[in-house]
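Inspection log for the structure reproduced underneath, given as structure tokens.
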Amino acid sequence: MRSFPDFLQKAQQSGVAIGHFNISDLVLVKAVFGAARELNVPVLVGLSEGEREFVGTRQIAAFVRSLREEFDFPIFLNADHTHSLAKGIEAAKAGFDSIVFDLSALPIEENVRQTKQAVEAMKAVNPSVLVEGEIGDIGTGSEIHESSPDLSKGLSTPEEAKQFVESTRVDILAPAVGNMHGMLRSMVGGETKKRLDIERIAGIKRAARAFLTLHGGSGTDDEDLRKAIAAGINIVHINTELRVAWRHGLEHGLAKQPDEVVPYKILPSVVDSVKQVVGSRLQLFNGRHVAHGT
Ligand SMILES: [Zn+2]
């Protein structure tokens with residue numbers, strides 16, 4: 001089995017992106033893994049600090065590793081939005097394939113200084129772990145927001161991106177290019193879409209010469225996502241769309257069997273609902289025709 005950096009390199013050469021899906025229970029893992037296997041594309045499962053707290057850092061690492069080994073399938077694990085070195089070291093020790101070290105809330109000089117130290121410390125634990133750094137402002141909270149934050153002042157520039165990557169030696173960069181964490185209520189129904197600054201992505205890619213991640217991909221215009229990948233995005237994060245599908249699937253599963261108490265008879269509704277979203281996004285990110293049906 002080749003490693004995560006090999007698959008990332010291959011995706012870059014092929015002009016496709018690897019889908020990253022946040023999970024906070026086994027049902028979500030089943031849905032992500034099932035969709036990726038059906039399409040036979042590599043996939044990245046991610047957990048933020050809060051999600052790791054709930055599932056267990058070492059436990060999810062063992063679980064994902066068992067899937068990768070038993071099915072000989074490229075499913076990898078990312079420690080999403082890690083805000084302290086201690087949590088980063090914990091994930092590196094547990095065997096995560098990549099770590100998002102996010103100090104983007106700090107002034108840029110402090111972000112650079114601490115991210116550089118963290119890259120060295122985490123690679124000392126596991127030299128093959130990939131480290132992602134964050135610059136700019138894309139908001140927080142993968143949930144439904146009532147109003148849109150003003151993120152226009154926090155957009156990343158190619159110069160800043162280049163300097164950040166060179167100074168910190170991160171493998172992957174997450175810039176602010178019009179993307180945003182969470183979704184507005186109007187995005188859940190599809191009436192509005194997030195739009196991306198494609199020129200900015202292309203400029204950052206030319207300047208930084210690193211792998212690029214797009215965070216907050218939920219609710220983004222499909223054509224913008226295609227263009228963003230063509231402009232140099234290598235990983236796309238989807239969380240809120242999965243959470244919405246998780247809730248809808250659960251409500252549906254409970255409503256259609258009001259007297260059922262057996263979890264494995266109720267939860268397949270959730271797996272199906274989430275799997276449809278994951279499958280649609282993986283098709284898009286991998287340059288395939290997207291089947292709309294949801
Ligand atoms: Zn994110």
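Residue numbers start at 1 and run along the sequence shown. Order of listing sets the numbers, starting from 1, for every ligand and every atom in it.
The Zn ion (ligand 1) sits nearest to atom ND1 when only the N, O or S atoms of H215 are considered.
The pair E166-R209 does not count as a salt bridge, with every side-chain nitrogen at least 4.0 angstrom from each carboxylate oxygen. A salt bridge links E120 and K116; the closest N-O separation between the charged side-chain nitrogens and carboxylate oxygens is under 4.0 Å. Under a 4.0 Å N-O distance rule, the pair K123/D171 qualifies as a salt bridge. Here R68 pairs with D97 in a salt bridge; the nearest charged N to carboxylate O distance falls below 4.0 Å.
Centred on the Zn ion (ligand 1), the NE2 atom of H181 and the NE2 atom of H81 lie at an angle of 100°, reported to 10°.
Residue contact annotation: H237 places no N/O/S atom under 2.8 Å from the Zn ion (ligand 1).
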